[in-house]
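What follows is a short report on a single structure.
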Amino acid sequence: MTPEEILFRPTSERPELGELIAVQTLYIKLLYCEATNAAYRASPTAVLDDCGLPASTATMLPRVESENHRAEMHGRRLLAARELLLEYPTLFATVVGADCDAAMVARQPFFSRFLSSADFFDPKRRLPHAFGIGEGYENVSAFFFWARANLEMDPQAKQALFEDFGRWLVKTAKCSAVPELQRHRRGAFFFRLDGRAMVVTGAGRVIEYAGVGDVASVLRAAGLTGLEDLEP
Amino acid sequence: MRERMSIGARWDGGGQNARLRQAFDAGLIDFVEANYPVGSGPDCDPSMGIPVYVHSPANSVASPTGLNRHICEQVKAAATRFDSPWIGEHLCATGPEAQSRLGYIVNPILDPRLADVAVENARALQRYYGRPLALELGPQYQTVGEMPSEMHFLGDVARRADCHIVLDIAHYTASNRNLRRSEDYGLDALEPERIVELHLAGLRTGKDRRYWHDAHERLPDEGMVAMAKSLAQSLPNLRAITFEHEGKAPEADFFAFLTRLREELS
Ligand SMILES: [Fe+2]
């Protein structure tokens, strides 16, 4: 076989690796997801059974109650919180606190829910990465899609989420050669809960759009991305 | 006679270009080691006329999911362009699928079946790149699986896949402290002639003061420097030492430590 055939063959062509992939998937889930940890603590065999794994594979998984496992989880939560805090400063100042740091973000129940969600685990529920390596290499867009659908937000928080994400999207689009990202270079728009249209410009400024009528169509025609219905 | 030891510094982005250029011109470094993939902007070229060693923390070499073709292509193109003497790759998984990285590398499950998969991937990747692979471990907080340790896993995979090894002294020291092992635990599980490169960086503890983490904003402590010196004496094929220090860290620390490395290790 050529190296390419070995390195890039779809896992569906490797049924003999099915169990190993299932164990590794559960292992990675246990490194992030509190809900899976709680279920596994309560009954390892039930979780293994759900994943189609024999009880003997427990030896290939973390001792979830151990201090070492908790320390690794904590470190990973902090890294993920740091990545998001950099790009969502307004949102986290609004929903966590003005001077919040990554440790405070990492302690939030909503953050745990995000790390336990399919939006976090499924690489396809993200935008492609700016470096041309496909989806699954940043958590900023995954968090936006999750928060837009799942985070309870007052008007201020919703505006902060869309502003922060809009700025990141435009900035990322401008430094990327990936066509699916480049189409966001001209800017983005969203509607506040009071119905007013807000535009994130190509320069990353956020301004209110004063036009009337079918605002969404006008802005779309101008090449701006609608953030309410943007999908991975 | 053995070749002179090359000293290099890690390149994480254009923000470091000025200090790396200055270090090269002053004779403090011989190469930069760049983490691929990188972006396509003007700030994304590590070469500046300085030799580049190509490294990647994004490939899932020790994973049954397979690898991401786009990353492999970019790494290969960079290694070809810079004629990198070897390509550093992490012996890790990255995420639940071939194409994914949730934020930080995932240490391999220490299972003989996974070691077999890693051997197959490493062999294929080495053929695909057309140049040697040098395998590196991340810091460990726990070990998962039946093999004695990650060092045994690395030793086994490197031997069977016939790969070089990058020994990251900071990761190794963090793992030994986190797992309450001796500071030289498991070195005997590696074939010394496979180790071609050392990584040196700082470490810090978290708020708990118990667990140690990689800290590229800090300098290596004296224990790690002593270990590097001793390995530089004893490893027969060691050819490079890379100092990993982030661009935001104090410039004075960067130059002072490189000067020390040059004087004491080169
Ligand atoms: Fe390293």
Side-chain angles (χ1 to χ4, degrees), chain A residues 1-11 14 17-21 23-25 27-29 31-32 59-63 66-69 71-76 78-80 82-83 103 115 120-124 126 129-139 142 174-178, chain B residues 36-41 43-44 58-59 63-74 93-104 106-111 113-114 117 120-121 123-130 139-146 178-180 206-208 210-211 213:
Chain A
M1 282 214 291
T2 67
E4 287 88 343
E5 283 166 347
I6 294 169
L7 296 169
F8 312 131
R9 75 192 128 169
T11 48
R14 301 291 306 270
L17 294 180
E19 184 176 296
L20 214 45
I21 291 172
V23 178
Q24 182 175 284
T25 305
Y27 166 45
I28 294 172
K29 207 145 204 204
L31 292 175
Y32 286 98
T59 57
M60 297 169 71
L61 291 162
R63 287 174 291 279
S66 73
E67 192 197 323
N68 291 66
H69 176 66
E72 177 161 0
M73 279 188 79
H74 178 67
R76 287 177 182 278
L78 272 181
L79 282 177
R82 211 167 281 156
E83 179 189 356
L115 294 186
F120 177 69
F121 274 100
D122 183 351
K124 295 286 180 295
R126 285 163 170 77
H129 191 271
F131 292 178
I133 55 177
E135 302 86 358
Y137 292 88
E138 47 77 29
N139 293 318
K174 287 180 119 172
C175 70
S176 175
V178 175
Chain B
Y36 276 80
V38 304
S40 52
D43 244 14
C44 300
N59 263 325
S63 167
T65 56
L67 280 75
N68 178 337
R69 181 190 290 271
H70 306 293
I71 295 179
C72 292
E73 282 171 359
Q74 290 190 32
T94 53
E97 293 180 24
Q99 182 181 301
S100 59
R101 192 177 198 264
L102 296 178
Y104 195 62
V106 173
N107 292 318
I109 298 171
L110 306 177
D111 185 271
R113 284 184 295 163
L114 198 71
V117 169
E120 188 184 32
N121 286 340
R123 275 188 175 284
L125 198 53
Q126 200 154 232
R127 274 165 63 212
Y128 172 82
Y129 287 149
Q140 307 273 325
Y141 296 86
Q142 56 184 330
T143 55
V144 173
E146 288 177 347
N178 293 341
L179 297 169
R180 298 183 194 272
K207 279 216 182 88
D208 53 28
R210 162 71 182 86
Y211 290 94
H213 314 284

Residue, of A/K174, A/R82, A/E67, that accumulates the most heavy atom pairs under 4.5 Å with chain B
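The candidate making the most pairs under 4.5 Å is A/E67.
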Using a 4.5 angstrom heavy-atom cutoff, name the option from A/T2, A/T59, A/L115 with the most pairs to chain B.
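Most heavy-atom pairs under 4.5 Å with chain B: A/T59.
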Heavy-atom pairs under 4.5 Å with chain A - which of [options] has more of them than the others?
options: B/L125, B/V117, B/T65; result: B/L125
options: B/T143, B/V38, B/D208; result: B/V38
options: B/N68, B/N178, B/L110, B/L102; result: B/L102

Side-chain contact test, heavy atoms from C-beta onward, threshold under 4.5 Å: evaluate it for A/N68 versus B/R180 and give yes or no.
no
Are the side chains of B/C72 and A/F8 in contact, using a 4.5 Å heavy-atom criterion?
yes
Go through the structure and list residues passing side-chain contact (heavy atoms from CB on, under 4.5 Å) with A/A177, not counting sequence neighbours.
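Scan of A/A177 (side-chain contact (heavy atoms from CB on, under 4.5 Å), adjacent residues dropped) gives B/S40.
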For A/R9, what residues pass the side-chain contact (heavy atoms from CB on, under 4.5 Å) criterion, not counting sequence neighbours?
A/M1, A/I6, A/E13, A/R14, B/E120
Given the rule in the side-chain contact (heavy atoms from CB on, under 4.5 Å) test, do B/R101 and A/H129 qualify, once you have shown the distances and angles that lead to the verdict?
CA-CA 11 Å; B/R101 192 177 198 264; A/H129 191 271; over 6 Å; no
Using side-chain contact (heavy atoms from CB on, under 4.5 Å), reason through B/R127 and A/L7 one step at a time and then give a plain yes or no.
CA-CA 11 Å; B/R127 274 165 63 212; A/L7 296 169; over 6 Å; no
Proximal component of [X], with respect to chain A [non-hydrogen, under 4.5 Å]:
X: B/Y128; answer: both
X: B/R210; answer: side chain
X: B/D111; answer: side chain
X: B/E73; answer: neither

Can you tell me how far the CD atom of B/E97 sits from the CD atom of A/E135, to the nearest 0.5 Å?
10.0 Å
How long is the span from the OH atom in B/Y211 to the CD atom in A/E72, to the nearest 0.5 Å?
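Interatomic distance, B/Y211 OH to A/E72 CD, rounded to 0.5 Å: 10.5 Å.
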Report yes or no: does B/Q74 contribute a side-chain atom to a donor-acceptor pair with the main-chain N or O of A/F131 at less than 3.5 Å?
yes
Contacting moiety of A/Y27, where chain B heavy atoms sit under 4.5 Å
side chain
Region of A/L31 that comes under 4.5 Å of a non-hydrogen atom in chain B
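Just the side chain, heavy atoms under 4.5 Å.
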